[in-house]
Each structure stands twice: as structure tokens, then as C-alpha cells.
Amino acid sequence: HDYLLEQRTVSSLSPGVTLPNTDMLQPIAKGILHLHLALSTTAQTATVLDKLRSASLIPIGQLCDDDCVALFSKNNLQVYKNGKVVLEGKRNWNDRLWDINISNKHESANIILQQD
């Protein structure tokens, strides 16, 4: 999904992601993933991780730092900004993450909870 990124740059300074089995995925690039016009560029910055080819990961903290409120339920995700829904997603029970549609491109991204 990194082909959807604009302003793609090589990145080794972003934090990696630790998987449940303690394997670590390292960042190899980052870029802008257009999610919604109301979101800042910083909130839409996605990190490309080595060995992860099925989705783009968006740290939920970036959205919250952009004054968004994320509401997770067992099956759904809604992200609000200024009282309006800017992102919606469904729980993917295969990986237990929430998938969101990216614009009208019929692609999806996984959102994970990642500490900064």
C-alpha cells in the first residue's frame, strides 16, 4: 500500500512496531496517506514497515494529537474531528485491527494503537 503515499521519503528515525511474538518491524519509508481533508498533514503521515505488505499502519496517537477523538467498539471505529466523523472502519477479525477505506480508492489501511 506504500504506492498510495505521496511525498514518500526513506525513514529510519520512526519507531518500529513490536509484534505479539516480539518480532520487530522496522520503518523503511514514510509519506502522506490522504485520509480526509479535515486532517493535518502530520495526522496523515504513514510509516512503511519492512515485511508488512498487506496494509499501511496509522498510529492512532497522530489522529488524537490533531484534535480528533477515536471511538473504538468491538466491531467498529469512528474518528471525529470538530464533532464530525472523518474516518470510519470495521474490525478485521483475521488480524484484530480496524480497517478503514482510503477515499474512493477501494483500498484499506489498518489502524493500530502505537505508543509514540
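Hydrogens, waters and symmetry mates are skipped; everything else that's a heavy atom, side chains included, is used. Remember, it's a predicted structure, so these values are computed and weren't measured experimentally.
Two residues are said to be in side-chain contact when any heavy atoms from C-beta on lie closer than 4.5 Å; L87 and L77 fail this criterion. The side-chain heavy atoms of L39 and C68, taken from C-beta on, include a pair separated by under 4.5 Å. Between I32 and T45 there is a side-chain heavy-atom pair separated by less than 4.5 Å.
Summarising the geometry of A38 relative to V86, their closest heavy-atom pair is CB-CG1, 4.0 Å, with the distance given to 0.1 Å. Closest heavy-atom contact between I60 and A70: CD1-CB, 3.7 Å.
Every residue was checked against the side chain to side chain donor-acceptor pair (under 3.5 Å) condition with D67, not counting sequence neighbours, and none meets it. Taking the side chain to side chain donor-acceptor pair (under 3.5 Å) definition, one finds that Q78 meets it with Y80, E88, sequence neighbours left out. Every residue two or more places apart in sequence or in another chain was checked for a side chain to side chain donor-acceptor pair (under 3.5 Å) with N94, and none qualifies.
A 6.0 Å sphere centred on CG of N82 holds no more than 12 heavy atoms belonging to other residues, nucleotides or ligands. No more than 12 heavy-atom neighbours from other residues, nucleotides or ligands sit within 6.0 angstrom of CG on L37.
Sequence neighbours left out, the pairs with a member in residues 71-83 that pass salt bridge (charged side-chain N to carboxylate O under 4.0 Å, His left out) are D66-K81.
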Exercise. Check step by step if side chain to side chain contact (heavy atoms under 4.5 Å, CB included) holds for N76 and K90.
Key: CA-CA 5 Å; N76 298 299; K90 298 280 184 194; 3.1 Å; yes
